[in-house]
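Input: a single structure, listed below in C-alpha cells.
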Amino acid sequence: MIENQTIIDRVNVFIKSKNIRKAQFEKMCGLSNGYLNSVKKKIGSKKLEDILSVFPELNKDWLLTGEGEMCSEKRKNRDEPDMKDFSAILDSYTKIASAMEKIADSSYNVSEANKILAHSNSELVTKLAQLMDEINELKESRIKNLPPQKGALASDNSGEYKTK
C-alpha cells in the first residue's frame, strides 16, 4: 500500500494497468468526460458502483483502502475465457442458429405458398372474366330471342320502326 494514495490515484493505477485512456474508462463507466480530473479525493458511492459493475475484477477493498490486491483473485484472469461461459455461449449460438434456420425455412415456405396463391388468383381472375363474357352473351341472346311485346316498336330491315 502506498501512503497518501487517494481513490482517484488508485483508479488511475487501475486504468494504466488496463492500458486504456481515462476518457475511454469514463465513457465505459458512464462518467462524464473529464470526471476523474475534476474529482479531488473521493468518488460518490453510485459512481463507485458503476465502476465496479463495469470492472468486476477490480478489488473493492483495494480501491477504497489501498489494501490487498488491485484485482480480486477469482477475476484476475478475466481475459481468459471461463469454459462454463464458453459452453453457455455455444449453447446460445446453437439455439439461435437453429431458430434462424427454422425462420429461413418458414420464409421459403411462405414465399412458395405466395407464388402458388398468386398463380391461382390469376387463373381465377381469368375464369371470372370468361364467365362474365358468357353471362353477357346469354343476356344479349335472350333479349334478341324475346317475342316482341304488344305496342313495342319493332324494326323491319329498312331501318324504320313500326308498332306491332
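The first residue in the sequence is number 1, and the count goes up from there. These figures come from a predicted structure and were not determined experimentally.
- When every heavy atom of M28 is checked against every heavy atom of V54, the shortest pair comes out as O-CG2, 3.4 Å.
- Among all heavy-atom pairs drawn from L52 and L58, the shortest one is CD2-O, 3.5 Å.
- Judged by distance alone, the side chain of S120 and the main-chain N or O of I116 form a donor-acceptor pair under 3.5 Å.
- Judged by distance alone, the side chain of S98 and the main-chain N or O of T94 form no donor-acceptor pair under 3.5 Å.
- Residues C71 and N59 fail the side-chain proximity criterion, which asks for heavy atoms closer than 4.5 Å.
- The CG atom of D105 lies 12.0 Å from the CE atom of M100; values are rounded to the nearest 0.5 Å.
- Atom CZ of R10 is separated from atom CD1 of I8 by 10.0 Å, given to the nearest 0.5 angstrom.
- With sequence neighbours left out, the side chain to side chain donor-acceptor pair (under 3.5 Å) criterion links D61 to no other residue.
- Taking CD1 of I20 as the start and CD1 of I15 as the end, the distance is 6.0 Å to the nearest 0.5 Å.
- Annotation: side chain of F14 is not in contact with side chain of L63 (no heavy-atom distance under 4.5 Å).
- Under a cut-off of 6.0 angstrom, the local environment of CG in D9 is crowded, with over 12 non-hydrogen atoms contributed by other residues, nucleotides or ligands.
- Contact check for W62 versus E67: no side-chain heavy atoms found under the 4.5 Å cut-off.
- Surrounding CD of E112 are more than 12 heavy atoms belonging to other residues, nucleotides or ligands, all under 6.0 Å away.
- Between the OG atom of S141 and the CG atom of N136 there is a distance of 12.0 Å, given to the nearest 0.5 Å.
- Between E57 and K18, at least one side-chain nitrogen of the basic residue sits less than 4.0 Å from a carboxylate oxygen of the acidic one, meeting the salt-bridge criterion.
- Between the CG atom of D50 and the CZ atom of F55 there is a distance of 12.0 Å, given to the nearest 0.5 Å.
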Could you check K46 against E49 for salt bridge (charged side-chain N to carboxylate O under 4.0 Å, His left out), going step by step and ending with a plain yes or no? CA-CA 5 Å; K46 173 70 175 110; E49 287 176 25; 5.3 Å; no

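- Looking only at side-chain heavy atoms (C-beta outward), K60 and L48 stay at 4.5 Å or farther from each other.
- No side-chain N or O of S111 forms a donor-acceptor pair with one of N114 less than 3.5 Å apart.
- In this structure the side chain of N37 reaches within 4.5 angstrom of the side chain of K22, judged on heavy atoms.
- Of all heavy-atom pairs between G34 and E26, the closest is N-OE1, 3.0 Å.
- For K47, the side chain to side chain contact (heavy atoms under 4.5 Å, CB included) test picks out L31, Y35, I43, with sequence neighbours left out.
- Once rounded to the nearest 0.5 Å, the distance linking CG of L124 with NE2 of H119 reads 10.0 Å.
- Considering all non-hydrogen atoms of both residues, P56 and S72 come closest at O-OG, 4.2 Å.
- Residues T6 and V11 form no side-chain contact, since every pair of their non-hydrogen atoms from C-beta on lies 4.5 Å or further apart.
- Listed by chain and number, the residues in a side chain to side chain contact (heavy atoms under 4.5 Å, CB included) with Q130 are T126, K127 (sequence neighbours excluded).
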